[in-house]
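As the structure lists them, so they are numbered: ligands from 1, and atoms in each ligand from 1. For this chain, numbers begin at 1 and follow the sequence in order.
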Amino acid sequence: MIYIIVDLEATCWEGKALAPNEIIEIGAVCVDDSNRILGEFDVMVRPSICPILSEFCTQLTSITQADVENAPHFPKALQQFQDWIAQFEDSYWLCSWGFYDKKQFKQDCILHGLDTDWLKNHMSIKHQHPKISDGITARPLGMQGALKLEGFKLDGTHHRGIDDARNMTKIFRKYYGKWQF
Ligand code: AMP
Ligand code: MG
């Protein structure tokens, strides 16, 4: 078994969304069943419905129009992600901070007519964290708050998929063996 700690960024707008949110970055870290990091993955994705990023989106994520302009569209980016996972092992769990990432993956798969079975094994680190973290928090926290309570630095840029994935991997590895699948 391997664990894919994954974080997505997507198109967004200040206030009401002007189009369906689409994935613009897939960032992930692979942890094996001995709690070792096997590798990292990061791909930018070119949105199809609304290819121009809002200023708000670039400010939030630090992802620029140039970053997504020549990036692959979702089907190709997802294939790269799935190939990256498959090089390690066939059996995996996707782990993310909350259920947003699974929902967004599903939405983009449906948009592009792609299979969603590969999302079946998913768990939310955020929602298990209060149960296994020795009373550190009684309720699910934002990732920034959880890192602080756990005594970890927020490295990199918050709201960048790869940096968010790396940061949540610290919490995942700290409680390795306690997560329920
Ligand atoms: P995160 O993993 O927290 O960086 O968020 C993932 C995605 O959720 C972002 O790329 C945005 O599309 C959306 N998002 C997060 N925070 C906000 C916000 N304050 N306003 C609008 N969209 C947001
Ligand atoms: Mg993020």
(Q) Give me the residue, atom name and distance of the protein heavy atom closest to atom 12 (O) of ligand 1. (A)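 Closest protein heavy atom to atom 12 (O) of ligand 1: A10 O, 2.8 Å.
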*For atom 4 (O) of ligand 1, what's the nearest protein heavy atom and its distance?*
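Checked against all protein heavy atoms, atom 4 (O) of ligand 1 sits closest to H159 ND1, 2.6 Å.
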Please list, in number order, the atoms of ligand 1 under 4.0 Å from a heavy atom of [X].
X: T11; result: 12 (O)
X: F56; result: 20 (N), 21 (C)
X: E9; result: 1 (P), 2 (O), 4 (O), 5 (O), 6 (C), 7 (C), 9 (C), 10 (O)
X: L8; result: 2 (O), 6 (C)

Here the N/O/S atom of D7 closest to the Mg ion (ligand 2) would be OD2
Candidates L60, I24, N21; heavy atom nearest atom 13 (C) of ligand 1 found on L60
Backbone or side-chain N or O of C12 under 3.5 Å from ligand 1 N or O: no
Check: Mind checking whether R160 has an N or O less than 3.5 Å away from an N or O of ligand 1?
Finding: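 In fact, backbone or side chain, R160 has no N or O that close.
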* May I ask you to decide if the ring planes of W84 and F41 are parallel, tilted or perpendicular, using 30° and 60° as cut-offs? =>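 It falls in the tilted class, 30° to 60°.
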So OG of S96 and CG of D101: to nearest 0.5 Å the spacing works out to 4.0 Å
W118 ring center within less than 6.0 Å of Y92 ring center: no
Note to self: Centre-to-centre under 6.0 Å for H122 and F105, is that the case here?
What the structure shows: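 That pair fails the under 6.0 Å test.
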Within reach of ligand 1, part of T61 (heavy-atom separation under 4.0 Å):
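Near ligand 1, T61 shows its side chain, while the N, CA, C and O stay back.
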Quick look: D164 vs ligand 1, heavy-atom contacts under 4.0 Å, and the answer is side chain
| request: Over all heavy atoms of both residues, which pair between L149 and I136 is shortest? Give the atoms and the distance, please. | output: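 Where L149 meets I136 most closely, the heavy atoms are CD1-O, 3.5 Å.
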(message) Taking the basic N atoms (NZ, or NE/NH1/NH2) and the acidic carboxylate oxygens, is any pair closer than 4.0 Å for E69 and R46?
(response)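 No, E69 and R46 are not salt-bridged.
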Exercise. Any Lys/Arg nitrogen of D155 or K170 sitting under 4.0 Å from an Asp/Glu carboxylate oxygen of the other?
Worked result: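 Looking at D155 and K170, the cut-off is met.
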**OP:** Determine, using heavy atoms of D7 and all atoms of ligand 1, whether some pair is separated by less than 4.0 Å.
**Re:**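 Yes; D7 lies near enough to ligand 1 that a heavy-atom distance drops under 4.0 Å.
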Looking just at side-chain N and O atoms, do H158 and D163 make a donor-acceptor pair shorter than 3.5 Å? no
Scan side-chain atoms only and decide if Q79 and D83 contain a donor-acceptor pair under the 3.5 Å cut-off.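 There is such a pair between these side chains.
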* If the Mg ion (ligand 2) is the vertex, what is the angle to OE2 of E9 and OD2 of D164, rounded to 10 degrees? ->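 That angle is 120°.
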